[in-house]
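Here is the structure we will look at, set down as structure tokens.
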Amino acid sequence: MSAPLEFALDTFGDVTVDADGATLPYPQVIRNVVEQAVLADSLGVDAFGIGEHHRADFAVTAPEIVLAAIAARTERIRLSTAVTVLSSDDPVRVYERFATLDAVSHGRAEIILGRGSFTESFPLFGYDLGQYQELFEEKLDLLDKLLDEGPVTWQGELRAGLTDQHVYPKTESGRIRTWIGVGGSPESVVRAARYEMPLMLAIIGGQPERFAPYVDLYHRALAEFGVATLPVGLHSPGHVADTDEQAREQLWPHYRVLHDRIGRERGWGPTSRARFEAEADVGSLYVGSPETVAAKIAKTVRALGVSRFELKYSSGTLPHEAMMTSIGLYAEQVVPRVRQLLSADAPAS
């Protein structure tokens with residue numbers, strides 16, 4: 001691997017239920033996300049990400065504000081989005097918000113950019129969904145120049161141009177670490193290489209090994225652009241409990257709620273327990289005991305050569321208490337076990 005392996009957690013701020021099955025109000029969900037991040041920091045997790053959504057089943061629409069609250073209560077954990085929907089945002093404001101987060105967190109801010117798998121933000125902010133691709137490409141080009149933190153002269157088609165424009169605040173490091181999130185498009189992989197940004201693969205179903213060609217494409221594109229090796233990360237869902245049976249029984253009803261709700265919107269049939277079990281057995285669902293999850297993560301890291309593994313520990317209505325337990329087991333048992341398994345692969349010096 002080209003860089004030390006990092007372990008991260010992320011959440012979309014899913015609206016959850018309490019122990020009695022009652023839906024929690026949005027403010028409590030957001031406060032719970034802060035507590036989850038504080039726990040992750042205290043246990044040594046490397047990074048924590050929060051997704052951006054603008055729909056009823058997710059509580060977080062402004063992740064940078066939640067990340068700033070987390071920054072005030074943590075010491076070392078890196079803070080990112082998962083993802084920032086750049087297509088329906090303004091690059092100048094994205095830079096300003098993250099540079100501010102970087103200041104209050106003493107340099108711990110990261111951006112993960114993406115086009116988003118949901119499209120509610122486009123009509124909400126007055127953007128034409130028919131320009132989905134063009135909006136992302138143009139705004140990425142501008143944000144990349146802003147991240148250099150010098151004067152920007154830029155002209156596009158869909159946004160007013162800038163002439164010798166500075167944007168503030170400047171950061172102490174000189175550039176905010178910025179990833180591009182990719183769900184499986186070769187064009188997006190090459191784009192990440194062209195902009196010299198680390199690649200974050202969102203693998204939410206099927207065997208993770210099928211993404212190996214994208215990792216290879218990314219490294220080949222970097223070489224062709226004359227860019228040194230950059231990190232590749234991986235985001236996948238999962239849940240950890242004391243035993244495999246407990247983890248699956250805890251996760252299944254909440255996983256089903258999430259997938260069936262999205263499925264109704266997109267014309268999919270309802271999910272099944274058999275499909276859930278298949279994803280847990282051989283797919284991209286990391287659910288089980290610490291030993292089981294660690295073995296599966298290690299296998300994926302070996303297959304893809306990633307330098308960050310990011311577990312989406314929230315899933316639909318899964319309760320806060322179950323997520324806190326999962327975070328604890330991930331940090332205290334899964335992470336060291338993965339490191340142990342991978343160290344056994346290393347050749348003797």
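Between Y127 and F122, the ring planes lie perpendicular to each other; the angle is over 60°, past the 30° to 60° tilted range. Taking the six-membered ring where the residue is Trp, F12 and F58 present perpendicular rings, their angle passing 60° and hence far from 30°. Using cut-offs of 30° and 60° for the angle between ring planes, the F276 and W252 rings count as tilted. Ring geometry, F211 versus Y214: the interplanar angle falls from 30° to 60°, so the pair is classed tilted.
Salt-bridge check for R248 with D244: failed, with every basic side-chain N at 4.0 Å or more from each acidic carboxylate O. Using a 4.0 Å cut-off between charged nitrogen and carboxylate oxygen, R273 and E277 count as a salt-bridge pair. Comment: R191 engages E137 in a salt bridge, judged by a side-chain N to carboxylate O separation of less than 4.0 angstrom. The existence of a salt bridge linking E75 and R108 is excluded, since no basic side-chain nitrogen approaches an acidic carboxylate oxygen closer than 4.0 Å. A salt bridge does not link R194 to D141: none of the charged side-chain nitrogens sits closer than 4.0 Å to a carboxylate oxygen. One finds a salt bridge joining R159 and D90 here, because a Lys/Arg side-chain nitrogen approaches an Asp/Glu carboxylate oxygen to under 4.0 Å. Under a 4.0 Å N-O distance rule, the pair D46/R308 does not qualify as a salt bridge. In summary, R261 and D57 engage in a salt bridge, as defined by a charged side-chain N under 4.0 Å from a carboxylate O.
Between the CG atom of L43 and the CD1 atom of I327 there is a distance of 8.5 Å, given to the nearest 0.5 Å. Atom OG in S121 sits 8.5 Å away from atom CG in D89 (nearest 0.5 Å).
Checked against the 6.0 Å centroid criterion, the rings of H239 and Y313 do not qualify as a close aromatic pair. In this structure, the ring of F125 has its center less than 6.0 angstrom from the ring center of H54.
Residue E265 qualifies as enclosed at atom CD: its count of foreign heavy atoms under 6.0 Å is above 12. Residue-environment remark: CG (L24) exceeds the threshold of 12 foreign heavy atoms within 6.0 Å. Enclosure of atom CD in E134 by more than 12 non-hydrogen atoms of other residues, nucleotides or ligands within 6.0 angstrom is indicated.
Within the 4.5 Å cutoff, side-chain heavy atoms of I204 are placed close to those of H235.
No donor-acceptor distance shorter than 3.5 angstrom exists from the side chain of D14 to the backbone of S314, with no hydrogens or angles considered. Checked by atom type and distance alone, the side chain of E138 pairs as donor or acceptor with a backbone atom of E157 at under 3.5 Å. With hydrogens and angles disregarded, a donor-acceptor distance shorter than 3.5 Å links the side chain of K296 to the backbone of A280.
At least one test fails for R302 against the ring of F309: distance under 6.0 Å to the centre or angle within 45° of the axis.
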